[in-house]
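Every heavy atom of this structure was used, including side-chain atoms; hydrogens, water molecules and symmetry mates were not. Each ligand, and each atom within it, is numbered from 1 in the order the structure gives.
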Amino acid sequence: MSFIRYDINDSVAVITIDNPPVNALSPAVWEGIEEAVARANADASAEAIVLIGAGSTFIAGADIKVFDILKTREDSLSRSARTHALLKRVEDSHKPLVAAIHGNALGGGLEVAQACHFRVATGDARVGQPEVLLGIIPGAGGTQRLPRLCGVGMALEMSLQGKPVAAPRALAAGIVDHIVAGDLLTGAIAFARSKANARAIRKTRDITLGPDQIKVGLEACAAARASLAKTAKGQMAPDAAVNAIEAGLQRPFDEGSTRERELFADCVVSTESKALRHLFFAEREAAKVPDVPKDTRAKDITRAAIVGAGTMGGGIAMTYANAGIPVLLKEVDDAALQRGLATIRRNYDVTMSKGKMTAAQVEQTLALITPTTSYDEFDQVDIVVEAVFENMDLKRTTFGELGAVTRPDCVLASNSSTLDIDELGRASGRPAQVLGHHFFSPANVMRLLEIVRGRSTNTDVIATSLQLAKRLGKVGVVVGNCFGFVANRMLAYYMREAYLLLEEGASVDQIDRVLTEFGLPVGPFGMQDIAGIDVGARIRQYLKSIGKNRAEGPQSDIPDRLFDMGRYGQKTAAGWYKYEAPGSRTRTPDPLIEQLAGEAAARRGITRRSIADDEIVARITTALANEGARVLDEGYATRAGDIDVIYVYGFGFPRHRGGPMFYADTVGLDVVLSRVKEYRSRFGEYWEPAPLLERLAAEGRGFYSEAAVHQM
Ligand code: T1G
C-alpha cells in the first residue's frame, strides 16, 4: 500500500502524502517521502519539489500508535536515529524542496516541513509541536531546527504549550516563508519554480544563531525551567524539551540531535507518556458507541432552551451562547431570572478582564441568551436542557410540562447528576427523546459532558448529543442510567474514603496536599468548599428521603454538621477551611474540623492514628478502581477508557497518570485487589472486591489488556 503519490506538474515534482485521515507518519510514509524526494532529484524533468498532503491536512505528526512498539530506550534510540538520518538526506536534496501546508502541520509533520528548504501555507493553516501533550518531545529534529527558524523563545513556547500556531503568526516568526492566496498547489508550484530559477537551497540545519541569540536563548531556557518547576511539577517531558533545545544552543547540530534522541527515548518509554497517549485515543474512542454507527442521523441544533438559571443553568446557557447557538433561559420568576443573568454577566466580565473576550464579543454572546419566565417559543427549539434543583418531584413536573410544550422531535435532556433518567422519560411522555446531559461545575469551563442514555433513548438522540458535545467544546461520554451514573457513582467512594481518612486521623490539609501532589488540581475538601457544601448536603438530604445512600459503608456526618452550622465553603468564608471573606480563595486550616473529626471518631469507636501519605493515595485510588470495575461489569460504561476520560475531564484526575483505571493498571490489579482485601479485613465488609477486578487479577491482566467493549 503506497501512501505517496508522485507527479510532475509544470516541471515541479509534486509528492503527495495520502494516509487518511490525518496523513500520520507511519514507517512506510517516512520511507515513501525519502524515496520520492530521491526520485525527484534524479528526475531530469523536475526542477524543484513540492511536498503536500492529500485530504484536509498536511501531516498531523508521527503515527502515535507506533510508539507502543518501542519497548526500550534502545528501540527508541535506533528508530529515531534512522528518522534523523532520513530527514538529513531529504534536506540534502539538491533541488529546492518546498512544503505546502494546509490544515495541520503538527509534530513530525512540522519537522518534515522544517527539513524542507522552504514552507508555504494557506492562511488558515496551523503549525505546532504538540508532543509534550503526549508526554514526549519533538523527536525528529524539531528541538534543533525550529529554534533556527523562529528563535528560541518561540520554539520553547510551541514545544512547552503544545498549542498550534496560526499561519500568519508562523510567517511573522520565520517558520513559514509565504502565505498562498488561492489554490495551495498552484501557489506552491509557482513558489518552488521561483526558487529553482534562483538556485536557492537553504538547509535549516545550516542556519547558525549568533552569540547574542545564543545568550538570550540560554536565558530563555533557564527561565522556562524555573517556571516549569511550578507549572509542571513531576512531569518529565516539558523539562526534556527545554534540555534538548538548550543542547542545540551549546552544541553543533548533530550533537544537539543526539541529545534530543536521548531525551526523547527517556520520555517515550515513560509511564507518563503511555498515560497521555492512552488518553489521546481514549478521548476519541469515547465518541464511538457500539450501537450508534458513525452514519447515524444526528440532528443539527439551531436553537436551544435551558430551564433553571441557577449556577448550572447559567453556565450551560453560556456554553451554548459561546458556541453561537441562540438559547432561551427560563426561570420560575423574574427575581430568580435576574439573579441568574447577573451571575452570567459577572462571569463574562471576569473573562473580559482576563483579555479572553472583548466588550463587543461579550455583548454579542449575551445577545444570544433570551431570558424568559414562560414556555412561549419552546415549540421552536431543538433541545431543552433541564437544570432545576436536584429533586425528582420537581424534575418530573418539569419533564411533564416539557413534553407538552416542545415539538415531538425536540431532544429533552436533564442536567441531573444522579437521578433516574427513565423516570423523567416516562414523565415527559416520550422517553425516546429523553436522556441526561450532565455538565460539570462550572459548566462553561469544565470540558466533560456525561451523556446518560435511558432504556428507551433513541440512537439518533445519542448521535445528536455526541455531535453537539463537540460543537459545545465538550468531550462527550455516553454512560448508562444507574444511580449517580458513572462520574458521581464513583465519586461517592472517593469522598467516602476522604471523610473516613479524616475521621481516622489525617487532616483536611494533609489529604488535599497529598492529592494535589498526586496531580489533582484541588483535593476533595478544597473542591467541596468551591462547589458548596450546601449543594452536596441538600442532595444527600433528598437522597436520604428516598432511602438512597451514595456509597456502601460508614457515612461520615461531618459534612452535614458543617451544613447545619451554615458553613457552605468559600461563599460563606468557612467550610472545611476558613477564608478571609466570602468568595475569598485563600484557605486556612480550621481547628474546628479536627475537633469534629475527633468527635466523629469517638462516635464510631475508632482511635485516631497518624496516616501516611501513601495510604491516602492508595485508599482513594483503590476505591475508584474497584467501583470503576463494578461499573464496567454492570455495563454502565462502554469501556475502561471512558471512565478515565470522565475522571480526567470531569474531576481533573491528572492526565499524566492516565485516569483511575489506567493508573490502577500501572499499580497492577493484583496489588489493587490485595489492597481491597486488606481494607476489608481492617475496615469492614463494605470493601467488596469487584468481580471483574478479581477475575483480571487472577488472570494477571489489566483493565486495558481486557480491552472489552460493553454494549449498553
Ligand atoms: N497518529 C495516529 N492517529 C492519529 C494521529 C496521529 N498522530 N492524529 C490523529 N489520529 C487519528 C485519531 O485517532 C482519529 O482516529 C483520526 O485520526 C482523526 O483524528 C516525531 C514524536 C490532527 C488536530 O499530537 O491533534 O509527531 O478515532 O478525531 O478532531 O516528533 O487529530 O477516527 O479512528 O482527532 O479533526 C504529534 C495529534 C504526534 C497531533 C485532527 N501530533 N492529532 O483533529 O480529528 S507525535 C499530534 C490531533 C510526533 C515527532 C513526534 C488531531 C488533529 P479515529 P481526530 P480532528
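Between Tyr649 and Arg655, the closest side-chain pair of non-hydrogen atoms falls below 4.5 Å. Contact check for Leu468 versus Ile383: side-chain heavy atoms found under the 4.5 Å cut-off.
Contact annotation for atom 34 (O) of ligand 1: protein present (non-hydrogen atoms, distance under 4.0 Å). There is a protein heavy atom closer than 4.0 angstrom to atom 54 (P) of ligand 1. Per-atom contact check: atom 42 (N) of ligand 1 touches the protein, criterion being a heavy-atom distance below 4.0 Å.
Aromatic ring pairs are classed by plane angle as parallel below 30°, tilted from 30° to 60° and perpendicular above 60°; the pair Phe653 and Phe518 is perpendicular. Classified by interplanar angle (parallel below 30°, tilted 30° to 60°, perpendicular above 60°), the ring pair Phe651/Tyr647 is tilted.
Between Arg169 and Glu157 there is a salt bridge, since a side-chain N of the basic residue sits under 4.0 Å from a carboxylate O of the acidic one. Residues Asp300 and Arg471 are paired through a salt bridge, judged by an N-O separation under 4.0 Å between the basic side chain and the carboxylate. A salt bridge links Asp642 to Arg639: one of the charged nitrogens lies within less than 4.0 Å of a carboxylate oxygen. Ion pairing of Asp460 with Lys299 is absent here, as no side-chain N (NZ or NE/NH1/NH2) approaches a carboxylate O to less than 4.0 Å. For the pair Glu246 and Arg225, the salt-bridge criterion is met [side-chain N within less than 4.0 Å of a carboxylate O].
Taking distance alone, with nitrogen or oxygen atoms compared against 3.5 Å, Gly107 stays at or beyond that limit from ligand 1. At least one N or O atom of Ile64, backbone or side chain, sits closer than 3.5 Å to an N or O atom of ligand 1. Ligand 1 has an N or O atom lying under 3.5 Å from an N or O atom of Glu111, backbone or side chain. Ligand 1 has an N or O atom lying under 3.5 Å from an N or O atom of Ala62, backbone or side chain. Of the polar atoms of Ala60, at least one N or O is found under 3.5 Å from an N or O of ligand 1, judged by distance alone. Looking at Gly139 next to ligand 1, an N or O pair under 3.5 Å apart turns up.
Contacts between Ile136 and ligand 1 below 4.0 angstrom, taking non-hydrogen atoms only, involve the side chain exclusively. Contacts of Lys470 with ligand 1, taken as heavy-atom pairs under 4.0 Å, involve the side chain alone.
Ranking the protein heavy atoms by distance from atom 28 (O) of ligand 1 puts Arg284 NE, 3.8 Å first. Scanning the protein heavy atoms around atom 17 (O) of ligand 1, the nearest turns out to be Pro21 CG, 3.3 Å. Among protein heavy atoms, the minimum distance from atom 23 (C) of ligand 1 is reached at Asn104 ND2, 3.8 Å. For atom 2 (C) of ligand 1, the nearest protein heavy atom (residue, atom name, distance) is Asp63 OD1, 3.3 Å. Residue, atom and distance of the protein heavy atom nearest to atom 3 (N) of ligand 1 are Lys65 NZ, 3.9 Å. The single protein non-hydrogen atom nearest to atom 21 (C) of ligand 1 is Phe67 CZ, 3.3 Å, given as residue, atom name and distance. Counting only heavy atoms of the protein, atom 8 (N) of ligand 1 lies nearest to Val22 CG2, 3.5 Å.
Proximity to Leu134 (heavy-atom distance under 4.0 Å) selects the following atoms of ligand 1: 24 (O), 38 (C), 45 (S). Counting the atoms of ligand 1 from 1 in the order shown, those under 4.0 Å from a heavy atom of Lys288 are 27 (O), 33 (O), 53 (P). Listed by number with element, the atoms of ligand 1 under 4.0 angstrom from any heavy atom of Ala140 are 30 (O). Set against the non-hydrogen atoms of Pro138, the atoms of ligand 1 under 4.0 Å away are 30 (O). The distance from ligand 1 to the heavy atoms of Phe281 drops below 4.0 Å at these ligand atoms: 13 (O).
Minimum heavy-atom separation, Phe58 to Asn23: O-ND2, 2.9 Å. The shortest non-hydrogen separation linking Leu87 to Ala115 is CD2-CB, 3.9 Å.
The shell of residues lying under 4.0 angstrom from ligand 1, judged by heavy atoms, excludes Glu285. Under the 4.0 angstrom criterion for non-hydrogen atoms, Pro130 is in contact with ligand 1.
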Note to self: Walk me through whether Leu185 and Val50 qualify under side-chain contact (heavy atoms from CB on, under 4.5 Å).
What the structure shows: CA-CA 8 Å; Leu185 183 57; Val50 165; 4.3 Å; yes

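Taking the ring axis of Phe280 as reference, the NZ or CZ atom of Arg284 stays within 45° of it and closer than 6.0 Å to the ring centre.
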Would you give me the side-chain donor-acceptor pairs under 3.5 Å for residues 138-151, sequence neighbours excluded?
{"from": "Thr143", "atom 1": "OG1", "to": "Glu260", "atom 2": "OE1", "distance (Å)": "2.5"}
{"from": "Gln144", "atom 1": "NE2", "to": "Ala244", "atom 2": "O", "distance (Å)": "3.0"}
{"from": "Gln144", "atom 1": "NE2", "to": "Gly256", "atom 2": "O", "distance (Å)": "3.4"}
{"from": "Arg145", "atom 1": "NE", "to": "Glu91", "atom 2": "OE1", "distance (Å)": "3.4"}
{"from": "Arg145", "atom 1": "NE", "to": "Glu91", "atom 2": "OE2", "distance (Å)": "3.2"}
{"from": "Arg145", "atom 1": "NH2", "to": "Glu91", "atom 2": "OE1", "distance (Å)": "2.7"}
{"from": "Arg148", "atom 1": "NE", "to": "Arg205", "atom 2": "O", "distance (Å)": "3.3"}
{"from": "Arg148", "atom 1": "NE", "to": "Ile207", "atom 2": "O", "distance (Å)": "3.0"}
{"from": "Arg148", "atom 1": "NH1", "to": "Gln144", "atom 2": "O", "distance (Å)": "2.8"}

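Judged as a ring-ring contact (aromatic ring centres under 6.0 Å, His included), the pairs with a partner in residues 154-182 (not counting sequence neighbours) are, in order, His178-Phe191.
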